[in-house]
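What follows is a single structure, written as structure tokens, with notes after it.
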Amino acid sequence: MHCPYCRHSDSRVVDSRAAEDGTAIRRRRQCPECGKRFTTAETVTLTVVKRSGVTESFSRGKVIVGVRKACQGRPVSDDDLALLARDVEEAVRATGAAEVASHDVGLAILGPLRTLDEIAYLRFASVYRAFTDLEDFEHEIALLRAERDMSSADLATSQSP
């Protein structure tokens, strides 16, 4: 690491700690030549591989833009979308892979979106999974209802004496 003050080619780490959101490591460094201190941040690059083979850096903004279309007209705030994008990034990073297929990013969106808003989930899933007819919608709605019924039953049994 070059010193930003004197351009000396070496520095020593004085302190290291995780950044607030946990996606970077902040290092405090000192130059042995001029003695000045400076801070660096190290991040792991997450790359998305698209169907065409093109690669690009993961972007929470792109997740938000894609999900915002599905949430149009729904009671979903910008904060909700930001939290969803964070959850998606955490899920994708948790795989431990430096490169992830765009399909896997889409799969990581489906779970949190289902929890956030079922209608937005259906809209997103219909495009993402390329629904071709009403039966596809009916099948997905039946799955949502079954999941909701199971959750209600679990809640009722946990509240009984």
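For the single chain, residues carry numbers from 1 onward in sequence order. Just the heavy atoms: all of them, side chains too, but no hydrogens, waters or symmetry mates, feed the values below.
In the hydrophobic clustering of this structure, Ile25 does not group with Leu46; members are Ile, Leu, Val, Met, Phe, Trp, Tyr whose side-chain heavy atoms approach within less than 4.5 Å, directly or through other members. By the criterion of side-chain heavy atoms lying less than 4.5 angstrom apart, applied directly or through intervening Ile, Leu, Val, Met, Phe, Trp or Tyr residues, Phe124 is grouped together with Leu122 in one hydrophobic cluster. Under the 4.5 Å side-chain heavy-atom criterion for ILVMFWY residues, a single connected hydrophobic cluster contains both Leu107 and Leu144.
Rounding to the nearest 0.5 Å places NZ of Lys62 at 13.0 Å from CD1 of Ile64. If you take CD on Glu118 and CZ on Arg74, they are separated by 9.5 Å, rounding to the nearest 0.5 Å. With values rounded to the nearest 0.5 angstrom, Asp87 atom CG is found 10.0 Å from Leu116 atom CG. Distance CG/Leu84 to CD/Glu89: 12.0 Å, rounded to 0.5 Å. Summarising the geometry, atom CZ belonging to Arg148 is positioned 12.5 Å from atom CG belonging to Leu143; distances are rounded to the nearest 0.5 Å. Between the CZ atom of Phe137 and the CZ atom of Phe131 there is a distance of 6.0 Å, given to the nearest 0.5 Å.
Side chain of Tyr5 to backbone of Gly35: no donor-acceptor contact under 3.5 angstrom is found. At distances below 3.5 Å, at least one donor-acceptor pair connects side-chain atoms of Asp136 with backbone N or O atoms of Thr132. Looking only at distances, no side-chain donor or acceptor of Gln30 sits under 3.5 Å from a matching main-chain atom of Lys36.
Closest heavy-atom contact between Cys34 and Cys6: SG-SG, 3.9 Å. Across all non-hydrogen atoms, the minimal contact from Ile119 to Asp117 is N-OD1, 3.1 Å. Between Cys31 and His8, the closest heavy-atom pair is SG-CB, 3.8 Å. Contact between His2 and Arg7 at its shortest, heavy atoms only, is ND1-O, 3.5 Å. What you find for Val88 and Pro112 is that their closest heavy atoms are CG2-CG, 4.4 Å.
For the ring pair (Phe, Tyr, Trp, His ring centres under 6.0 Å) condition, no pair includes a residue of residues 45-92, sequence neighbours left out.
Residues Asp78 and Arg68 are paired through a salt bridge, judged by an N-O separation under 4.0 Å between the basic side chain and the carboxylate. In summary, Arg26 and Glu42 do not engage in a salt bridge, as defined by a charged side-chain N under 4.0 Å from a carboxylate O.
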Audit row: Ser16, Arg27, side-chain hydrogen bond (donor to acceptor under 3.5 Å, both in side chains) steps and yes/no
CA-CA 4 Å; Ser16 291; Arg27 298 199 192 279; 2.6 Å; yes
Please test Leu113 against Cys71 for side chain to side chain contact (heavy atoms under 4.5 Å, CB included), starting from the C-alpha separation and ending with a verdict.
CA-CA 9 Å; Leu113 185 56; Cys71 294; 4.1 Å; yes
Go through it in stages, so that I can follow the logic: the residues are Thr47 and Val100, the test is side chain to side chain contact (heavy atoms under 4.5 Å, CB included), and I'd like the CA-CA distance, side-chain angles, deciding distance and then a yes or no.
CA-CA 6 Å; Thr47 305; Val100 63; over 6 Å; no
Could you please spell out the steps behind the side chain to side chain contact (heavy atoms under 4.5 Å, CB included) verdict for Arg29 and Thr39?
CA-CA 6 Å; Arg29 296 177 176 270; Thr39 302; over 6 Å; no
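With sequence neighbours left out, Lys69 forms a salt bridge (charged side-chain N to carboxylate O under 4.0 Å, His left out) with no residue at all.
A 4.5 Å side-chain heavy-atom check between Glu56 and Lys50 finds at least one atom pair inside the cut-off. Looking at heavy atoms from C-beta onward, Val63 lies in side-chain contact with Ile109 at the 4.5 angstrom threshold. Counting heavy atoms from C-beta outward, Tyr121 and Thr115 have side chains that stay 4.5 Å or more apart. With contacts defined as side-chain heavy-atom distances shorter than 4.5 Å, the pair Val105/Val48 qualifies.
Within 6.0 Å of atom CD in Glu135, more than 12 heavy atoms from other residues, nucleotides or ligands are found, so the atom counts as buried in its surroundings. Atom CZ of Arg28 has more than 12 neighbouring heavy atoms from other residues, nucleotides or ligands inside a 6.0 Å radius.
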